[in-house]
Colleague: 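Please see the structure below; I have some questions.
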There are 2 protein chains.
Amino acid sequence: MAKNEELDARKLMILKAIIDDYIESSEPVGSRTVAKKYDMGLSSATIRNEMADLEEMGYISSPHTSAGRVPSAKGYRTYVDKILEPAAKDPALANEILTKLEDKMSEYGKLIKACAEIASQLTNYTAIGVTHGNAKNSVKALQLVPVDDNSALVIVVTDDNSVKNKLVSLDRKIAPDVLIEMSGIINRYFYGKPASSVTLMTLNRISEEAGIERSILLPFVDAIFDCIKEIGKDEIYTEGTSLLLRHPEFVSVEKARNFIEMIQNEEMVEKIVNSSEDLGNGLTISIGTENGDDDMSDYSVVSAKFEVDGTCIGTVSVVGPTRMDYKNVIASLEFMKKMLEKKSREGGKKLIPEHFKGDDIGQDVSGESADKDIKP
Amino acid sequence: MAKNEELDARKLMILKAIIDDYIESSEPVGSRTVAKKYDMGLSSATIRNEMADLEEMGYISSPHTSAGRVPSAKGYRTYVDKILEPAAKDPALANEILTKLEDKMSEYGKLIKACAEIASQLTNYTAIGVTHGNAKNSVKALQLVPVDDNSALVIVVTDDNSVKNKLVSLDRKIAPDVLIEMSGIINRYFYGKPASSVTLMTLNRISEEAGIERSILLPFVDAIFDCIKEIGKDEIYTEGTSLLLRHPEFVSVEKARNFIEMIQNEEMVEKIVNSSEDLGNGLTISIGTENGDDDMSDYSVVSAKFEVDGTCIGTVSVVGPTRMDYKNVIASLEFMKKMLEKKSREGGKKLIPEHFKGDDIGQDVSGESADKDIKP
DNA sequence: GTTAGCACTCAATTATCCCGAGTGCTAACG
DNA sequence: CGTTAGCACTCGGGATAATTGAGTGCTAAC
């Protein structure tokens, strides 16, 4: 039989039927089911023959002799690449979602978190949002703000409007105007420079040139470093963990636990999010064994890079069992991606990228005011 | 038999044995086990008689005729209140933990998150940390920082060193020195005043007195409100979700899912954390059915309010099955609580600088309603 | 090439049995 | 009177056997 050939139309149809049914039922699909439920004018015997071929070619397999067939990673792959016709989400959803995102557009952390939340709700799978920290950003503002007699706030703003701050406590009093002067010098020095250029050396130089005592400068240097480090850090939001437990592949708690532990492991998340296989529409998809890691062989991941104003602000990945409703997941992520991009184009000046505040993962500052115009 | 009487020493011993064993094995405890394993010089028959009494009094119950006995909420309660002798954690742990917390002492959100994380690790149960947002804090610093030509950063610092910032974008250019002047005025005005006093009215007054155009002031007002609202907000950190799934009470995925969904529900968390029954040592404990909610009847919660310099910065709650290792959980939380308090005393000046007490300004409208008022 | 028919396979369900942990009760003992 | 040995009884759970039925591969006829 056909070995390395392309699948003919009929085989594709049957493969599609099998996968569709399996996605719906999560149970091995038999020839009779295909023949009856998806009426294709063929008897079960014929389907059986074709299924035998498909199995030989590695698109499906049977868990045991008297069970139906189950799609393999290869099967899902052709399904996703060649069979699946793009589905559209109900445009009415757009408004609903947009209102949810409305007041978060200015803050990437919250935005990505909200997107992950929505993606999870739309798909009924777990969604992981990762912000795209970027240490290569240039410093836009770098300020010291007096807080009280012996403490001050260090604030770093990069050109993508990420803001981090850190409280510095000193063991001596420092006059506010000294601080402000210092702030001015430091700020002028780094304005427009890449964040990575803020090194100890340069700050030493400032010390010399500006004549600021090194022991005073040091704690601030420290804090600045911390802030920059923080800005470059990705933040991870996991939404809808419990949703996955609703799916029948998690009958055993062990699997459930393994999964939860996996997606709480940062390195693993890194791996998950960065699994490649671009789908052409800006989405990336990795099916079962494809994604290298053994622990992940039972799961598929669909990821979307979210961009605002041309810069990537983060990634949202939907993680589910290989028997995942790819159609819906892809449609959902595509939908959100497009919506967001349209919004960011329209929103123009309104959609000023604001900061995500850095002290924690999860709950951050909200940005409401930025999109309000000043009305004289 | 003894009805409303206190339990005598022997009954207490037996109850303790039953609970200890049940905590360890998670299986109903029989009379033979108690007699043999915890040698108390009594035959199983005698134990049986005593157990019958204990059952009648409601301290234990048997799932079915031929199973051993299981402690009831009432049983656990006497165990916790009367039987449990305080245990101490290994002091060597202290250093390890302290280093973990070291660089988080200045930021309460991170600190509480880290505490919850450690609590979860120490106990092997899920821990929930909730920061204690406090709108009554006074404003310590309130600054506007120029970021670029048409955007500026609003920064609010309260006396417990909570910092929130917000980027404000303007549709016109604003000169840095104007901003700085404005900043100075606003800051002086609110320095030491309670955060709740920052109302629309007062800002209107500033506009008049300082002669700043209202339309310029407005977006900043908005941002300040947002920041204050955020500072007053509680943040929730859930750590070690998957740990609970390690315990045998979660054999069924359903239970696991219910639990996870429960602790991801904010209102539920509120309930969980605020369950009372003070234990005298600053800990609070709620056992099974005690905590009102039906969904929580299978779980127990031990909570500790964490204080730094006399002010409550948040709560860490350990949530586990009623068959929880109370001894260890209580010891762990007590340990952390003490450690933190000691640390905060030692570190004194570094942690919380001076408290500023000022007279209230005018009307005490809450941040929220005031926020509504602003919108044109 | 398609299809009806048939023998065969094997997981999953159900029924059945059996074991043993644990109980309550009774009677004997110090 | 409290304690204990002994015994009949209960009942959940584990093991085993029987049954079912969905699904297959193969063959032969259309």
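Quick caveat: nothing in here was measured; it's all calculated off a predicted structure. Order of the sequence lines sets the chain letters (A, B, ...), proteins ahead of strands, with each chain counted from 1.
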Colleague: Once you round it to whole Å, what is the distance between P of C/dT23 and CD1 of B/Ile14?
Modeller: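 It works out to 12 Å between those atoms.
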
Colleague: Any side-chain N or O of A/Arg69 below 4.0 angstrom from OP1/OP2 of D/dG25?
Modeller: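 Checking A/Arg69 against D/dG25: at least one side-chain N or O falls below 4.0 Å of OP1 or OP2.
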
Colleague: Under 3.5 Å for both donor-acceptor distances, Watson-Crick or wobble: does D/dA29 have a partner, and if so which one?
Modeller: C/dT2

Colleague: Just how far, in rounded Å, is P of D/dT3 from CD1 of B/Ile47?
Modeller: 10 Å

Colleague: Taking C-beta and beyond as the side chain, do B/Glu24 and B/Asp325 meet within less than 4.5 Å on heavy atoms?
Modeller: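 When only atoms from C-beta onward are counted, B/Asp325 and B/Glu24 do not touch, as no gap falls below 4.5 Å.
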
Colleague: Take a 6.0 Å sphere around NZ of A/Lys37 and say whether it holds more than 12 heavy atoms from other residues, nucleotides or ligands.
Modeller: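 Atom NZ in A/Lys37 is crowded, with more than 12 foreign heavy atoms closer than 6.0 Å.
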
Colleague: Output the rounded distance in Å from CG (A/Asp8) to P (C/dG1).
Modeller: 12 Å

Colleague: Output the rounded distance in Å from NZ (A/Lys36) to C1' (D/dG23).
Modeller: 13 Å

Colleague: If only side-chain N and O atoms of A/Ser31 are considered, is one of them under 4.0 Å from the OP1 or OP2 phosphate oxygen of D/dT24?
Modeller: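 Checking D/dT24 against A/Ser31, a side-chain N or O does come within under 4.0 Å of OP1 or OP2.
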
Colleague: Send over the distance from B/Lys11 NZ to D/dG2 C1', rounded to a whole Å.
Modeller: 12 Å

Colleague: Can you tell if the side chain of A/Glu267 reaches within under 4.5 Å of the side chain of A/Lys271, non-hydrogen atoms only?
Modeller: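 A/Glu267 vs A/Lys271: side chains apart.
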
Colleague: Atom CD of A/Gln264 and atom OG1 of B/Thr241: how far apart are they, to the nearest 0.5 Å?
Modeller: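 One gets 5.0 Å once the value is rounded to the nearest 0.5 Å.
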
Colleague: Calculate the interatomic distance between A/His64 atom NE2 and C/dC8 atom C1'; express it in whole Å.
Modeller: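 For the pair A/His64 NE2 and C/dC8 C1', the rounded distance is 14 Å.
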
Colleague: Spell out protein contact along nucleotides 2-7 of chain C as letters: B when the base is contacted, S when just the sugar-phosphate is, - when no protein heavy atom is under 4.0 Å; keep the 5' to 3' order.
Modeller: SBBB--

Colleague: Please determine whether a side-chain nitrogen of the Lys or Arg among B/Lys255 and B/Glu249 lies less than 4.0 Å from a carboxylate oxygen of the Asp or Glu.
Modeller: no

Colleague: For the side chain of B/His247 and the backbone of B/Asn124, is there at least one donor-acceptor N/O pair under 3.5 Å apart?
Modeller: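 Pair found, side chain donor or acceptor close to backbone of B/Asn124.
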
Colleague: Which base sits across from C/dG22 as a Watson-Crick or G-U pair, both distances under 3.5 Å?
Modeller: D/dC9

Colleague: Can you tell me how far C1' of D/dG25 sits from CG of A/Asp53, to the nearest Å?
Modeller: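 Rounding to the nearest Å, CG of A/Asp53 and C1' of D/dG25 are 13 Å apart.
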
Colleague: So A/Tyr22 and A/Tyr76, would you call those rings parallel, tilted or perpendicular, with 30° and 60° as cut-offs?
Modeller: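 It falls in the tilted class, 30° to 60°.
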
Colleague: Please confirm whether the shortest side-chain N or O distance from A/Ser66 to OP1 or OP2 of D/dG21 is below 4.0 Å.
Modeller: no

